[in-house]
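Accompanying notes for the structure given below.
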Amino acid sequence: MATITQRTGPAATAILGLGVHRPARSVTNDEVCEVLDSDDEWIQSRTGIKARRFAGDDESLVDMAASAASKALEAAGVTAEALGTIILATSTHAQHTPHAAPLVAERLGSKAAAFDVGAGCAGFCHALSVASDLVRGGNAEHVLVIGVEQLSRFMDPADRSTAMIFADGAGAVIVGAADTAGIGPVAWGSEGSKSHVITQSHSCRDLGSGASPVVQMEGTAVFRWAPFAMADVARAAVDAAGLTLEDLDAFIPHQANLRITETLARNLKLPEGIAIARDIVDSGNTSAASVPLAMERMLRDGEAAPGDTALLIAFGAGLSFAGQVVTLPRIAPTAPASVS
(Lines give C-alpha, C1' and ligand atoms only; values in the text may rest on other atoms or scores of the structure.)
Protein backbone atom coordinates (compact mmCIF):
# COMPACT_ATOMS: atom_id res chain seq x y z
CA MET A 1 0.00 0.00 0.00
CA ALA A 2 1.34 3.44 -0.96
CA THR A 3 2.19 5.82 1.88
CA ILE A 4 0.58 9.23 1.65
CA THR A 5 2.62 12.19 2.82
CA GLN A 6 0.85 14.76 4.98
CA ARG A 7 1.92 18.33 5.56
CA THR A 8 2.78 19.81 8.91
CA GLY A 9 3.03 23.46 9.80
CA PRO A 10 4.07 25.68 12.70
CA ALA A 11 3.15 24.81 16.26
CA ALA A 12 1.61 28.20 16.96
CA THR A 13 -0.56 30.70 15.11
CA ALA A 14 -1.79 34.22 15.79
CA ILE A 15 -3.78 37.07 14.29
CA LEU A 16 -1.16 39.21 12.56
CA GLY A 17 -3.29 42.18 11.53
CA LEU A 18 -6.84 43.52 11.59
CA GLY A 19 -8.78 45.82 9.28
CA VAL A 20 -12.41 46.91 9.05
CA HIS A 21 -14.81 48.73 6.76
CA ARG A 22 -17.58 50.82 8.26
CA PRO A 23 -20.02 52.28 5.71
CA ALA A 24 -20.12 56.06 5.75
CA ARG A 25 -23.87 56.32 6.23
CA SER A 26 -24.92 56.43 9.90
CA VAL A 27 -28.63 55.73 10.46
CA THR A 28 -30.17 56.99 13.69
CA ASN A 29 -33.07 55.44 15.53
CA ASP A 30 -35.22 58.40 14.51
CA GLU A 31 -34.57 57.60 10.85
CA VAL A 32 -35.42 53.92 11.37
CA CYS A 33 -38.65 54.96 13.08
CA GLU A 34 -39.79 56.89 10.03
CA VAL A 35 -40.98 53.44 8.86
CA LEU A 36 -40.84 51.34 12.01
CA ASP A 37 -43.56 51.71 14.66
CA SER A 38 -41.21 52.54 17.54
CA ASP A 39 -39.12 55.38 19.00
CA ASP A 40 -35.55 56.14 20.02
CA GLU A 41 -36.10 55.59 23.75
CA TRP A 42 -37.75 52.19 23.23
CA ILE A 43 -35.00 50.97 20.90
CA GLN A 44 -32.18 52.10 23.18
CA SER A 45 -33.80 50.59 26.28
CA ARG A 46 -34.17 47.16 24.65
CA THR A 47 -31.10 46.93 22.44
CA GLY A 48 -28.63 49.61 23.50
CA ILE A 49 -28.42 50.81 19.90
CA LYS A 50 -28.30 54.54 19.13
CA ALA A 51 -27.25 54.28 15.47
CA ARG A 52 -26.08 51.80 12.89
CA ARG A 53 -24.27 51.87 9.51
CA PHE A 54 -25.93 51.09 6.18
CA ALA A 55 -24.04 50.53 2.95
CA GLY A 56 -24.50 53.00 0.13
CA ASP A 57 -26.46 52.09 -2.98
CA ASP A 58 -23.23 51.71 -4.96
CA GLU A 59 -21.38 49.82 -2.21
CA SER A 60 -21.43 46.05 -2.68
CA LEU A 61 -20.68 43.34 -0.16
CA VAL A 62 -17.53 42.50 -2.13
CA ASP A 63 -16.48 46.18 -2.05
CA MET A 64 -16.76 46.20 1.74
CA ALA A 65 -14.95 42.89 2.18
CA ALA A 66 -12.07 43.95 -0.09
CA SER A 67 -11.72 47.26 1.76
CA ALA A 68 -11.46 45.53 5.15
CA ALA A 69 -9.09 42.93 3.70
CA SER A 70 -6.71 45.55 2.30
CA LYS A 71 -6.47 47.15 5.75
CA ALA A 72 -5.78 43.79 7.39
CA LEU A 73 -3.01 43.05 4.90
CA GLU A 74 -1.48 46.46 5.59
CA ALA A 75 -1.62 45.96 9.35
CA ALA A 76 -0.03 42.51 9.08
CA GLY A 77 2.63 43.56 6.57
CA VAL A 78 1.54 40.72 4.29
CA THR A 79 0.97 40.93 0.53
CA ALA A 80 -2.08 39.52 -1.22
CA GLU A 81 0.23 37.24 -3.21
CA ALA A 82 1.32 35.61 0.06
CA LEU A 83 -2.19 34.47 0.95
CA GLY A 84 -2.78 30.73 0.77
CA THR A 85 -6.48 30.80 1.61
CA ILE A 86 -9.31 33.30 1.92
CA ILE A 87 -12.32 32.42 4.09
CA LEU A 88 -15.29 34.78 3.96
CA ALA A 89 -18.10 34.49 6.50
CA THR A 90 -21.44 35.98 5.48
CA SER A 91 -25.16 35.35 5.31
CA THR A 92 -25.96 38.20 2.94
CA HIS A 93 -24.10 37.58 -0.31
CA ALA A 94 -27.01 37.82 -2.74
CA GLN A 95 -25.84 34.99 -5.02
CA HIS A 96 -25.32 31.31 -4.32
CA THR A 97 -22.95 31.23 -7.29
CA PRO A 98 -20.37 32.60 -7.56
CA HIS A 99 -19.67 32.83 -3.86
CA ALA A 100 -18.07 36.00 -2.56
CA ALA A 101 -14.58 34.90 -1.50
CA PRO A 102 -13.15 34.33 -5.01
CA LEU A 103 -14.49 37.74 -6.06
CA VAL A 104 -12.63 39.33 -3.16
CA ALA A 105 -9.51 37.36 -4.08
CA GLU A 106 -9.66 38.77 -7.61
CA ARG A 107 -10.04 42.32 -6.24
CA LEU A 108 -6.95 41.85 -4.12
CA GLY A 109 -4.89 40.28 -6.92
CA SER A 110 -4.72 36.91 -5.15
CA LYS A 111 -4.98 33.40 -6.60
CA ALA A 112 -5.53 31.87 -3.15
CA ALA A 113 -8.06 29.13 -2.47
CA ALA A 114 -11.20 31.04 -1.53
CA PHE A 115 -14.52 29.93 -0.07
CA ASP A 116 -17.47 31.22 1.93
CA VAL A 117 -18.64 30.07 5.36
CA GLY A 118 -22.30 30.33 6.32
CA ALA A 119 -22.59 30.08 10.10
CA GLY A 120 -24.68 33.19 10.73
CA CYS A 121 -23.40 35.57 13.36
CA ALA A 122 -20.87 32.95 14.51
CA GLY A 123 -19.26 32.78 11.07
CA PHE A 124 -16.18 34.86 11.85
CA CYS A 125 -15.23 32.77 14.90
CA HIS A 126 -15.81 29.57 12.90
CA ALA A 127 -13.62 30.85 10.07
CA LEU A 128 -10.90 31.99 12.47
CA SER A 129 -10.62 28.49 13.92
CA VAL A 130 -10.46 26.90 10.44
CA ALA A 131 -7.80 29.42 9.41
CA SER A 132 -5.63 28.63 12.43
CA ASP A 133 -5.88 24.90 11.71
CA LEU A 134 -4.99 25.44 8.04
CA VAL A 135 -1.79 27.21 9.02
CA ARG A 136 -0.89 24.72 11.72
CA GLY A 137 -1.57 21.87 9.29
CA GLY A 138 0.83 23.33 6.74
CA ASN A 139 -1.83 23.90 4.10
CA ALA A 140 -1.46 27.70 4.06
CA GLU A 141 1.18 30.13 5.24
CA HIS A 142 -1.21 33.04 5.60
CA VAL A 143 -5.02 32.97 5.71
CA LEU A 144 -7.31 35.96 5.26
CA VAL A 145 -10.51 35.71 7.32
CA ILE A 146 -13.34 38.13 6.54
CA GLY A 147 -16.68 38.67 8.24
CA VAL A 148 -18.97 40.86 6.13
CA GLU A 149 -22.69 41.60 6.02
CA GLN A 150 -25.18 43.84 4.27
CA LEU A 151 -28.19 43.08 6.40
CA SER A 152 -29.89 46.36 5.50
CA ARG A 153 -30.74 44.75 2.14
CA PHE A 154 -32.26 41.65 3.69
CA MET A 155 -34.63 43.22 6.21
CA ASP A 156 -38.26 44.23 6.31
CA PRO A 157 -38.02 47.88 7.49
CA ALA A 158 -41.35 47.52 9.29
CA ASP A 159 -40.36 44.37 11.26
CA ARG A 160 -39.80 45.37 14.91
CA SER A 161 -37.74 42.23 15.58
CA THR A 162 -35.02 43.04 13.03
CA ALA A 163 -35.23 46.53 11.47
CA MET A 164 -33.91 48.36 14.53
CA ILE A 165 -31.11 45.85 15.15
CA PHE A 166 -29.30 44.73 12.02
CA ALA A 167 -26.71 46.72 10.07
CA ASP A 168 -23.81 46.55 7.63
CA GLY A 169 -20.04 46.28 7.99
CA ALA A 170 -16.92 44.22 7.37
CA GLY A 171 -13.93 43.09 9.39
CA ALA A 172 -10.89 41.06 8.33
CA VAL A 173 -7.81 39.49 9.92
CA ILE A 174 -4.66 37.78 8.69
CA VAL A 175 -3.76 34.51 10.41
CA GLY A 176 -0.21 33.21 10.25
CA ALA A 177 2.58 31.50 12.15
CA ALA A 178 3.72 32.87 15.50
CA ASP A 179 6.44 32.16 18.06
CA THR A 180 3.81 31.68 20.78
CA ALA A 181 0.16 30.72 20.49
CA GLY A 182 -2.14 33.67 19.80
CA ILE A 183 -5.31 31.73 18.92
CA GLY A 184 -6.69 29.30 21.45
CA PRO A 185 -8.63 26.10 20.76
CA VAL A 186 -12.19 26.71 19.61
CA ALA A 187 -15.24 25.88 21.73
CA TRP A 188 -18.11 25.48 19.31
CA GLY A 189 -21.28 23.64 18.49
CA SER A 190 -24.86 24.03 17.37
CA GLU A 191 -28.38 23.83 18.77
CA GLY A 192 -30.44 22.79 15.76
CA SER A 193 -33.57 22.29 17.84
CA LYS A 194 -33.72 26.09 18.10
CA SER A 195 -33.03 26.79 14.43
CA HIS A 196 -36.50 28.25 14.00
CA VAL A 197 -35.74 31.35 16.09
CA ILE A 198 -33.57 32.99 13.38
CA THR A 199 -34.69 32.25 9.84
CA GLN A 200 -35.25 33.70 6.40
CA SER A 201 -38.58 34.09 4.69
CA HIS A 202 -39.60 35.51 1.35
CA SER A 203 -40.66 39.14 1.21
CA CYS A 204 -41.33 41.77 -1.42
CA ARG A 205 -37.85 43.33 -1.15
CA ASP A 206 -36.52 43.46 -4.69
CA LEU A 207 -32.83 42.94 -5.45
CA GLY A 208 -33.41 43.16 -9.20
CA SER A 209 -34.39 39.52 -9.71
CA GLY A 210 -37.63 39.16 -7.80
CA ALA A 211 -38.46 38.82 -4.12
CA SER A 212 -35.50 38.40 -1.80
CA PRO A 213 -35.42 36.50 1.50
CA VAL A 214 -35.44 38.66 4.60
CA VAL A 215 -34.18 37.83 8.07
CA GLN A 216 -36.76 37.05 10.75
CA MET A 217 -35.98 36.55 14.42
CA GLU A 218 -37.72 35.61 17.64
CA GLY A 219 -35.80 38.09 19.76
CA THR A 220 -37.20 36.96 23.12
CA ALA A 221 -36.17 33.35 22.45
CA VAL A 222 -32.64 34.44 21.55
CA PHE A 223 -32.40 36.56 24.70
CA ARG A 224 -33.53 33.67 26.90
CA TRP A 225 -30.93 31.34 25.38
CA ALA A 226 -27.78 33.29 24.54
CA PRO A 227 -26.62 34.85 27.84
CA PHE A 228 -26.91 31.54 29.66
CA ALA A 229 -25.84 28.91 27.14
CA MET A 230 -22.96 31.09 25.94
CA ALA A 231 -21.58 31.49 29.45
CA ASP A 232 -20.74 27.78 29.44
CA VAL A 233 -19.19 28.04 25.97
CA ALA A 234 -17.10 31.03 27.07
CA ARG A 235 -15.79 29.14 30.09
CA ALA A 236 -14.96 26.15 27.86
CA ALA A 237 -12.96 28.36 25.50
CA VAL A 238 -10.98 29.87 28.36
CA ASP A 239 -10.34 26.45 29.90
CA ALA A 240 -9.22 25.04 26.54
CA ALA A 241 -6.67 27.86 26.26
CA GLY A 242 -5.25 26.87 29.65
CA LEU A 243 -6.28 30.19 31.18
CA THR A 244 -8.73 31.60 33.71
CA LEU A 245 -11.08 34.55 33.45
CA GLU A 246 -8.58 36.52 35.54
CA ASP A 247 -6.06 36.21 32.70
CA LEU A 248 -8.29 38.12 30.28
CA ASP A 249 -7.83 41.76 29.36
CA ALA A 250 -10.89 42.05 27.14
CA PHE A 251 -14.21 40.37 26.42
CA ILE A 252 -15.43 40.71 22.82
CA PRO A 253 -18.77 38.97 22.30
CA HIS A 254 -20.93 39.08 19.19
CA GLN A 255 -22.70 42.44 19.22
CA ALA A 256 -26.24 41.05 19.18
CA ASN A 257 -27.86 43.24 21.79
CA LEU A 258 -26.33 45.30 24.60
CA ARG A 259 -28.61 43.66 27.16
CA ILE A 260 -27.37 40.22 26.07
CA THR A 261 -23.74 41.38 26.36
CA GLU A 262 -24.27 42.78 29.85
CA THR A 263 -26.24 39.75 31.05
CA LEU A 264 -23.60 37.39 29.67
CA ALA A 265 -20.83 39.37 31.39
CA ARG A 266 -22.71 39.15 34.70
CA ASN A 267 -23.30 35.42 34.29
CA LEU A 268 -19.58 34.91 33.67
CA LYS A 269 -18.74 36.97 36.75
CA LEU A 270 -15.92 38.65 34.87
CA PRO A 271 -13.23 40.15 37.09
CA GLU A 272 -13.35 43.90 37.50
CA GLY A 273 -11.20 45.79 35.03
CA ILE A 274 -11.81 43.58 31.99
CA ALA A 275 -12.76 45.76 29.02
CA ILE A 276 -16.08 44.77 27.43
CA ALA A 277 -16.88 45.51 23.77
CA ARG A 278 -19.95 47.67 23.20
CA ASP A 279 -19.57 48.52 19.53
CA ILE A 280 -23.26 47.75 19.01
CA VAL A 281 -24.21 51.20 20.37
CA ASP A 282 -23.07 52.94 17.18
CA SER A 283 -22.72 50.04 14.75
CA GLY A 284 -25.78 47.87 15.35
CA ASN A 285 -25.72 44.10 14.95
CA THR A 286 -23.53 43.30 11.94
CA SER A 287 -23.75 39.51 12.32
CA ALA A 288 -20.54 37.84 11.05
CA ALA A 289 -18.74 41.21 10.97
CA SER A 290 -19.54 42.19 14.54
CA VAL A 291 -16.63 40.54 16.38
CA PRO A 292 -13.82 41.99 14.22
CA LEU A 293 -15.57 45.38 14.14
CA ALA A 294 -15.84 45.39 17.94
CA MET A 295 -12.22 44.26 18.25
CA GLU A 296 -11.05 47.12 16.04
CA ARG A 297 -13.13 49.68 17.97
CA MET A 298 -11.55 48.63 21.26
CA LEU A 299 -8.05 48.85 19.80
CA ARG A 300 -8.73 52.14 18.01
CA ASP A 301 -10.21 53.76 21.13
CA GLY A 302 -7.50 52.48 23.49
CA GLU A 303 -9.83 50.24 25.52
CA ALA A 304 -7.46 47.38 24.65
CA ALA A 305 -4.00 47.14 23.13
CA PRO A 306 -2.16 44.83 20.73
CA GLY A 307 -0.82 41.92 22.75
CA ASP A 308 -3.76 41.90 25.17
CA THR A 309 -5.60 38.64 25.78
CA ALA A 310 -9.24 38.63 24.69
CA LEU A 311 -12.12 36.18 24.73
CA LEU A 312 -14.15 36.13 21.50
CA ILE A 313 -17.56 34.50 21.38
CA ALA A 314 -20.34 34.57 18.81
CA PHE A 315 -23.73 32.96 18.33
CA GLY A 316 -26.55 33.17 15.83
CA ALA A 317 -28.59 31.42 13.16
CA GLY A 318 -28.42 27.69 13.28
CA LEU A 319 -28.27 28.12 16.19
CA SER A 320 -24.51 28.01 15.80
CA PHE A 321 -21.89 29.24 18.23
CA ALA A 322 -18.13 29.44 18.57
CA GLY A 323 -15.53 31.12 20.72
CA GLN A 324 -11.81 31.24 21.36
CA VAL A 325 -9.21 33.19 23.30
CA VAL A 326 -6.87 35.30 21.15
CA THR A 327 -4.00 37.72 21.46
CA LEU A 328 -5.15 41.04 20.02
CA PRO A 329 -3.37 42.10 16.82
CA ARG A 330 -2.16 45.31 15.23
CA ILE A 331 -4.57 47.49 13.28
CA ALA A 332 -3.77 49.51 10.17
CA PRO A 333 -2.26 52.87 11.19
CA THR A 334 -3.59 54.70 8.13
CA ALA A 335 -6.62 54.61 5.87
CA PRO A 336 -6.20 51.91 3.22
CA ALA A 337 -5.80 52.53 -0.44
CA SER A 338 -9.02 52.01 -2.35
CA VAL A 339 -9.58 48.57 -3.86
CA SER A 340 -11.30 48.50 -7.23
Side-chain angles (χ1 to χ4, degrees), residues 14-26 49-55 59 61 63-78 87-90 104 121-125 127-128 131 143-151 167-176 182-183 248-256 258 261 274-314 323-337 339:
I15 302 173
L16 307 181
L18 164 66
V20 304
H21 178 90
R22 299 178 189 272
R25 182 187 170 199
S26 179
I49 299 171
K50 296 180 180 179
R52 72 284 291 145
R53 301 292 183 100
F54 283 0
E59 190 172 29
L61 182 137
D63 293 336
M64 294 167 55
S67 173
S70 68
K71 290 184 182 180
L73 288 165
E74 179 189 359
V78 172
I87 309 174
L88 187 147
T90 189
V104 174
C121 301
F124 176 83
C125 288
L128 181 62
V143 180
L144 167 62
V145 175
I146 307 168
V148 58
E149 303 286 8
Q150 286 193 343
L151 286 151
D168 305 341
V173 299
I174 306 299
V175 175
I183 301 173
L248 299 176
D249 300 302
F251 177 46
I252 309 177
H254 164 47
Q255 301 294 285
L258 189 58
T261 293
I274 291 179
I276 300 174
R278 294 181 172 87
D279 187 51
I280 190 170
V281 174
D282 298 311
S283 298
N285 178 340
T286 55
S287 188
S290 81
V291 167
L293 282 168
M295 191 189 311
E296 191 268 353
R297 175 66 63 88
M298 296 188 85
L299 290 165
R300 185 75 65 187
D301 290 351
E303 297 178 89
D308 281 355
T309 302
L311 169 62
L312 314 182
I313 191 163
Q324 58 268 101
V325 176
V326 304
T327 301
L328 293 179
R330 300 184 298 271
I331 57 177
T334 59
V339 177

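These numbers come from the heavy atoms of this one structure, side chains and all, not from hydrogens, waters or symmetry mates. What you see is a predicted model; the values in this text were computed from it and never measured.
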Report task. Quick one: pull up CD1 in Ile146 and CG in Leu61 and give me the separation to the nearest 0.5 Å. Result -> 9.5 Å
**Report entry** With sequence neighbours excluded, residues passing side-chain contact (heavy atoms from CB on, under 4.5 Å) with Ser290
**Finding:** His254, Gln255, Thr286
Query raised in the report: Nearest 0.5 Å, what's the CD1-CE distance between Ile331 and Met295?
Result: 11.0 Å
Report task. Look at the side chain of Lys71 and the backbone N and O of Val20, then say whether any donor-acceptor pair between them is shorter than 3.5 Å. Result -> yes
Query raised in the report: Which atom names give the shortest non-hydrogen contact between Gly169 and Pro23, and what distance separates them?
Result: CA-CD, 4.1 Å
**Report entry** Distance (rounded to the nearest 0.5 Å) between Leu16 CG and Leu144 CG
**Finding:** 11.5 Å
**Report entry** Considering all heavy atoms, the nearest Leu299-Pro329 contact
**Finding:** CD1-O, 3.5 Å
Requested in this report: Grab the two heavy atoms, one from Gly284 and one from Ile49, that are nearest each other, plus how far apart they are.
Outcome: CA-CD1, 4.0 Å
**Report entry** Those residues that, when tested against Thr90, pass side-chain hydrogen bond (donor to acceptor under 3.5 Å, both in side chains) (two or more places apart)
**Finding:** Thr92, Glu149
Requested in this report: State, yes or no, whether a side-chain contact exists between Val173 and Leu128 at a heavy-atom distance under 4.5 Å.
Outcome: yes
Query raised in the report: Between atom CD of Glu59 and atom CZ of Phe54, what is the distance when rounded to the nearest 0.5 Å?
Result: 12.5 Å
Report task. Return each pair, listed once, that meets salt bridge (Lys or Arg N to Asp or Glu O under 4.0 Å) where at least one residue sits in residues 15-24; pairs must be two or more places apart or across chains. Result -> Arg22-Asp279, Arg22-Glu296
Query raised in the report: Between Glu303 and Ile276, which heavy-atom pair has the shortest distance, and what is it?
Result: OE1-O, 4.4 Å
Requested in this report: Could you pull out all residues at least two apart from Ala75 that satisfy side-chain contact (heavy atoms from CB on, under 4.5 Å)?
Outcome: Ala332
Query raised in the report: Between Pro253 and Val291, what is the shortest heavy-atom contact and its length?
Result: C-CG2, 4.3 Å
Query - Closest non-hydrogen atom pair, Ala72 against Ala172 - result: CB-O, 3.5 Å
Requested in this report: Would you list the pairs meeting side chain to side chain donor-acceptor pair (under 3.5 Å) in which at least one residue belongs to residues 323-332, sequence neighbours left out?
Outcome: none
Query raised in the report: What's the spacing between Asp168 CG and Gln150 CD if we round to 0.5 Å?
Result: 5.5 Å
Requested in this report: Have a look at Ile174 and tell me which of Val78, Val143, Val145 forms a side-chain contact (heavy atoms from CB on, under 4.5 Å) with it.
Outcome: Val78
Requested in this report: Let me see the working for Ile252 and Leu328 under side-chain contact (heavy atoms from CB on, under 4.5 Å), right down to the final yes or no.
Outcome: CA-CA 11 Å; Ile252 309 177; Leu328 293 179; 4.0 Å; yes
Query - Spatial distance of atom CZ (Arg53) from atom CG (Asp282) [nearest 0.5 Å] - result: 8.0 Å
Donor-acceptor pairs are to be reported for all side-chain atoms of residues 307-314 against protein atoms at under 3.5 Å, with residues two or more places apart or in another chain.
residue: Asp308; atom: OD2; partner: Ala305; partner atom: N; Å: 2.9

